[in-house]
Amino acid sequence: MTQVSMTVNGQAANGDVEGRTLLSSFLRDQLGLTGTHIGCDTSQCGACVVHVNGEAVKSCTMLAVEADGAEVATIEGQAAEDGTLNAIQQAFQDNHGLQCGFCTPGMVMSATALLKDNPKPSEADIRAYLSGNICRCTGYHNIVKSILAASGQDVAGIAAE
Amino acid sequence: MPKDHGIGASPKRREDVRFLTGNGNYTDDINMNGQAYVHFLRSDVAHGTINSIDTAAAAAIPGVVKIFTSVDFEAVGGVPCGWEITDRHGNAMQEPKHPILAEGKVRYVGEMIAAVIAETAEIARDAAEVIEVDISDLPAVVNMKAAVVDGSPKVHDDLTSNLCYDWGFVEENRDAVDAAIKGAAHVTTLELVNNRLIANPMEPRVCIGDYDRPAGDHTLYTTSQNPHVIRLLMGAFVLGIPEHKLRVVSPDVGGGFGTKIFHYAEEAFCTFAAKACNRPVKWTSSRSEAFMSDAHGRDHVTKIELALDADNNFVAVRTDTHANMGAYLSTFAPSVPTWLHGTLMAGNYKTPLIYINVKAVFTNTVPVDAYRGAGRPEASFQLERVIDKAAHELGVDPIALRRQNFITEFPYATPVAVEYDTGDYHATMDKLEEMADFAGFDARRAESEKNGKLRGLGVNCYIEACGIAPSNLVGQLGARAGLYESATVRVNATGGLVVMTGSHSHGQGHETAFPQVIAEMIGIDESMIEIVHGDTSTVPMGMGTYGSRSLAVGGSAMVRATEKIINKAKKIAAHLMEASDADIELKDGTFSIAGTDKSVAWGDVTLAAYVPHNYPLEDIEPGLEETAFYDPANFTYPSGAYACEVEVDPDTGKVTIQRMIAADDFGNIVNPMIVDGQVHGGLAQGIGQALLEGCVYDDDGQLLSGSYMDYAMPRADDLPFYEVDHSCQTPCTHNPLGVKGCGEAGAIGSPPSVVNAVVNALRSAGKDVTHVDMPLSPNRVWEALNG
Ligand code: FES
Ligand code: FES
C-alpha cells in the first residue's frame, strides 16, 4: 500500500492505495466521488474523464499514485457552492444534451477542457474533440449543440424540429 | 406559441440536475456495509465438455470468502424463458435448460463456469485466475445454416437438433403466397444479412444481492429496465423466493436499449450468494464481460421475395429467415424473430398475401434477444431494401412505387394479424419531400462529384408496432407474462402528488414528462408532482420499459389513476360546496359549480381528504390515493418516412452521412424536446448498424469484436446533425393520450435509407450494385465498387 495525497475539487484528499489502483477507482471507491463513471476497460469511452492539473485525463488510464500531489477536478466540483449549474452544465440541461446521464460527467469535463483551449469551437472541432467520449443515448446531436451554446454561439438554426 | 407547461411543452428535465453534478445514483454507486465482491470465471472456449474444476488453490488465497460452481445450484431452477413459440407443425419450440453456472458443458465464450466471492474485487479476480478448469474442446456451432444441416454438432445434446423452432406465418397462406409469386408479372429477390449487434448501454450491468437473515428478506439492486419482471422470473422460477420476501431495486440506469430487460444469471447468482455468504455480494461487469454476456441483438440471414403485378402493385411477399438464438434462450428471444418481426411484414403497404418462415437456431454464441426495435428493424430493413431493388429493376421512382402501394384507409387489418388503427403515410412522405429538397439533389451530387466523391440518396418508410402489448393477445401468441402497466397516484394532504409507476426510466425522462400529463389533467404546477419508479417495494406490480411502451401504456395507467383521483376529489368538492358532484368542474386546479362563482381550490379538497372533519364519510373513504392497471387494447403503430444522403469516397470506400432526415408520426406528443432526443438516439443506433457496428465470431466461436477497439461504436465525428419532424400526427385511437411511442423509431427507420443511399451512390459510378451487407465498412463499399 502506498499513501497518496492530492487536492480534489479544492479539498485535500488522502488514502492508501495499491500500486495497481486506478485514479478512477480511488475517486469512486475511496473518496466516494461516484460521479466519475467507468464505462469500459480499454480507455475508449471517456465516461471517466476528470481534470488533472487542468488537463482532461481519462482517470481509468492513470494510476492513483501518479496523481499524487496533483490538483484533480471532477464533475462534483463543477457547480457553484449553492448548487447552481455552471455555464456548460446549464447548456447541457437547456439543450437536452443528456438522456441516461452515464456519459454526461465525462462529456461535461471534456467539453470544459475543449472550451478552455478553444473558446469558439466549430461543429467539426467539437465532434473531433469528442471522439474519445462515447454516448449511446443522444446520437451526439444535442451534446454538440450544448457545447456550441455553452461557447456562446447561436444554436437556434441547428436543424432539430 | 409553444406551450410552456403541460402536454406539448418542453420543460427542462428535472433529472438532469443530479446527472450533471455527479449525483446520479447508479447501481455501481451503491455500496453496502460488509459487502463482498464476485468475479465470474467465464469460458474462453465456445463449446466443450467440462472434465473438472479445481478450486483448491483459489480458495486458499487470503480474502477469498467462497467459490461456487454448478454443484451449488443443483436445487435451483435454470434461467427461464418468457415466451414459447409454437412451430408451423403445431409443436412447442425446443427449450434447453439455461443453468446459472455451466453444467457439464460450456456453450459460448463468456459463459460462467465458476464464481469467486472475496473481500475485494481484485482478490476475487486474482483467485478466479488460478481456478483450474479442464475442458475438452468440441467443434463450435457458429454458422446458422450449417447448424441446421443433419449431422451438425449439437449445442445441446438433449435436444433433437439445433433448430429451436421452424415458424410459419401465416401458415394457411403458404400455398397461396407460393402461387401468387409463381404467377406474378415481376418478382424481386434479395438475400441479405441483418448484422448482429451489441447494445452497449454505457453503464455496464451491475448487481448487488443483499440478505437480511433475521427477517429472511432478499434485496437485489440491479441495472434493469423492469424490476418487477426480474422479481417474478427470479423469485418464482429460479430461486423459489415469494414476492413479499424479495425486493428488486433498479435505481438510475445508464441506458438499456433492450439488453437490460432480460433476467440474467448474474442476478440470480448474487441474490443466491448473498444468502449463502450471509453478506452483501456485488458484481460490476467490466465492458469486456458485457461484450460476452449481455444479450446480443439482430443476427438474421434472410431471403425476401416481393411479387408485383403488371401495374406494379404488390401482390405477395415471401421471406425466409434464419434467426440466431445463441446458446440459450434469453428471456424474450423467441418472440423477436416471430411476433415482433413477422407481424410487421406488411409495412406501410397493402400487400394482400404474406408468408414468413423463420428458423430459429441454437449456436455456440452469446444468447440473442431484443435490441432497440427488436424484430421490427429486421422487418423494415428487408422490406424497404427489396422495394428499392424492385423500383430499380422496374425503372420506376422508388417513392412513387411506395406511394402507389400505401395503405390509405384505417383501421386496416393486415394479412399478418395486426390491425393498424391510424396512420397517414402520404402525409409523412409529403413532409419528408418538403424537408429533403429532393429537387436539389442533382446539384448536390454534382458538387460532390466535383470534389471526387460519389453522392447517393436513399429513402424508406417504416411502420412499427409498439406500446407493447394487449395481454390476452400476447398470451395467445406464447407470452408467459402480461404486458399491462400500473400506476399509483398518491395525493398528499397539502395537494402535492407522488406517482408510483411501473414504467422505468433509463434515459427517457419520465420524471419530467409524466408530471406534464397530470399537471395538464388537474391544472396544477408540474413541480407539485413527483415520479417514483424502479423499486418493487414502493411501486405496484408493473412490467417496465421497453417496446416504446412507457407513455402509451404506463402513461395511460397514470391517466386512469388520475381520473379516479379527480372523480373522488369532485365528490369531496361537491360536499364542501353543498352541490351535486355532477355539477362540479375542475379547471386550473380549482373545483367550481357549473354556472356559479362558487369554487374550492385543489388544496382545500386534498386537505379535506386527509382531515375529514367536513366530509361525506358515509359515502366515501378518507384519503386520496388510487391505483390503475392499464392493459392496452392494441399495439400502437408509429410510422414515418426517412431519407439519407451520403457521400462515398471512391478511393477508400468510406461513407459519410451528409443528411439524415426523419418525418415521423407519433400521434400526440407530450414533450417534443424529449421526443426529438429519442429519435436522435435511435437514428445514431440505426446509422451505427448500417455503417459501423458488427459483432463478429470466428469459426471457432471466438468473439472477435470484444471491445471498443474492435466493435465500432458510433462517435460524434461519425454522425451529422439530424433533421427530424413529428408534425404529422394521427393520434392513437385506443389509448387515452392518443400517443404512439417514439423510442425505437429512429433505429427501425434509418438503416434501409442509409443502405439505399449507398447503393444509389455506387450506381452513380456506373456500377450495377444491388446490395451491400451491413455494416457498410469502407472495405465492403470499396469492394462493391471495385470488385
Ligand atoms: S472508463 Fe475510462 S475511458 Fe472508459
Ligand atoms: S446520455 Fe446515456 S450514454 Fe450519453
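Throughout, protein chains are lettered first and strands after them, A, B, ... in sequence-line order, and every chain is numbered starting at 1.
- Listed options B/Ala684, B/Gly688, B/Gly677 were ranked by heavy-atom pairs under 4.5 angstrom with chain A; first place goes to B/Gly677.
- The line from SG of A/Cys135 to CZ of B/Arg715 is 12.0 Å long, rounded to the nearest 0.5 Å.
- No donor-acceptor distance shorter than 3.5 angstrom exists from the side chain of B/Asp717 to the backbone of A/Ser131, with no hydrogens or angles considered.
- Between B/Arg13 and A/Leu98, the shortest heavy-atom contact is NH2-O, 3.3 Å.
- Taking each heavy atom of A/Arg136 and B/Pro714 in turn, the nearest pair found is NH1-CD, 3.5 Å.
- Proximity of a side-chain donor or acceptor of A/Gln93 to a complementary backbone N or O of B/Val17 within less than 3.5 Å is not detected.
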Please report the C-alpha distance between B/Asp16 and A/Phe92 in whole Å, then the side-chain angles of each, then the deciding distance to 0.1 Å, and finally whether the side chain to side chain contact (heavy atoms under 4.5 Å, CB included) criterion is met. CA-CA 8 Å; B/Asp16 289 359; A/Phe92 270 73; over 6 Å; no
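- Considering only heavy-atom pairs separated by less than 4.5 Å from chain A, the leading option among B/Met435, B/Glu15, B/Glu122, B/His506 is B/Glu122.
- B/Ser286 touches chain A through backbone and side chain together, each having a heavy atom under 4.5 Å away.
- Taken from OG1 in A/Thr138 to CD in B/Gln678, the straight-line distance is 11.0 Å, to the nearest 0.5 Å.
- Heavy atoms of B/Ala290 lying under 4.5 Å from chain A are absent altogether.
- Within residues 17-31 of chain A, the residues having any heavy atom under 4.5 Å from a heavy atom of chain B are, by residue number, A/Glu18, A/Arg20, A/Arg28.
- Classification of the B/Tyr26-A/Phe102 ring pair by plane angle, with boundaries at 30° and 60°, yields perpendicular.
- The main-chain N or O of B/Leu719 is found under 3.5 Å from a side-chain atom of A/Arg127 such that the two form a donor-acceptor pair.
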A/Ser43 vs B/Tyr708, test: side chain to side chain contact (heavy atoms under 4.5 Å, CB included). Steps then yes/no. CA-CA 9 Å; A/Ser43 304; B/Tyr708 289 148; over 6 Å; no
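- The two atoms that bring B/Val253 and A/Cys100 nearest to each other are O-CB, 3.8 Å, heavy atoms only.
- Only the side chain of B/Met713 comes within contact range of chain A, with at least one heavy atom under 4.5 Å from a heavy atom of that chain.
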Working note: B/Thr21 + A/Gln78, criterion side chain to side chain contact (heavy atoms under 4.5 Å, CB included); need CA distance, chi angles, decisive distance, verdict. CA-CA 7 Å; B/Thr21 53; A/Gln78 301 304 300; over 6 Å; no
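- Along residues 44-65 of chain A, the residues that come nearer than 4.5 angstrom to chain B, judged on non-hydrogen atoms, are A/Gln44, A/Cys45 in order of number.
- Top candidate by heavy-atom pairs under 4.5 Å with chain B, chosen from A/Leu85, A/Leu33, A/Asp94, is A/Asp94.
- Shortest non-hydrogen contact noted between A/His141 and B/Phe721 is O-CE2, 3.5 Å.
- Between chain B and the options A/Gly32, A/Gly101, A/Gly35, heavy-atom pairs under 4.5 Å are most frequent for A/Gly101.
- Taken to the nearest 0.5 Å, the CZ atom of B/Phe19 stands 15.0 Å off from the CE atom of A/Met107.
- Contact of A/Ile126 with chain B is not made at all, since no heavy-atom distance falls under 4.5 Å.
- Counting only distance, with no hydrogens or angles, the side chain of B/Tyr722 and the backbone of A/Gly139 share a donor-acceptor pair below 3.5 Å.
- Each of A/Thr42, A/Val144, A/Ile75 has some count of heavy-atom pairs under 4.5 Å with chain B, and the biggest count is that of A/Ile75.
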So A/Asn142 and B/His680, side chain to side chain contact (heavy atoms under 4.5 Å, CB included) or not? Walk me through it. CA-CA 9 Å; A/Asn142 283 338; B/His680 296 161; 3.7 Å; yes
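- Of the listed residues (A/Ile134, A/Leu130, A/Thr104), the greatest number of heavy-atom pairs within a distance under 4.5 Å of chain B belongs to A/Ile134.
- Within a 6.0 Å radius of CD in A/Gln11, no more than 12 heavy atoms belonging to other residues, nucleotides or ligands are found.
- Options B/Asn25, B/Ile674, B/Asn23 differ in how many heavy-atom pairs under 4.5 Å they form with chain A, and the most are formed by B/Ile674.
- No part of B/Phe291 comes within reach of chain A, as not one of its non-hydrogen atoms sits under 4.5 angstrom from that chain.
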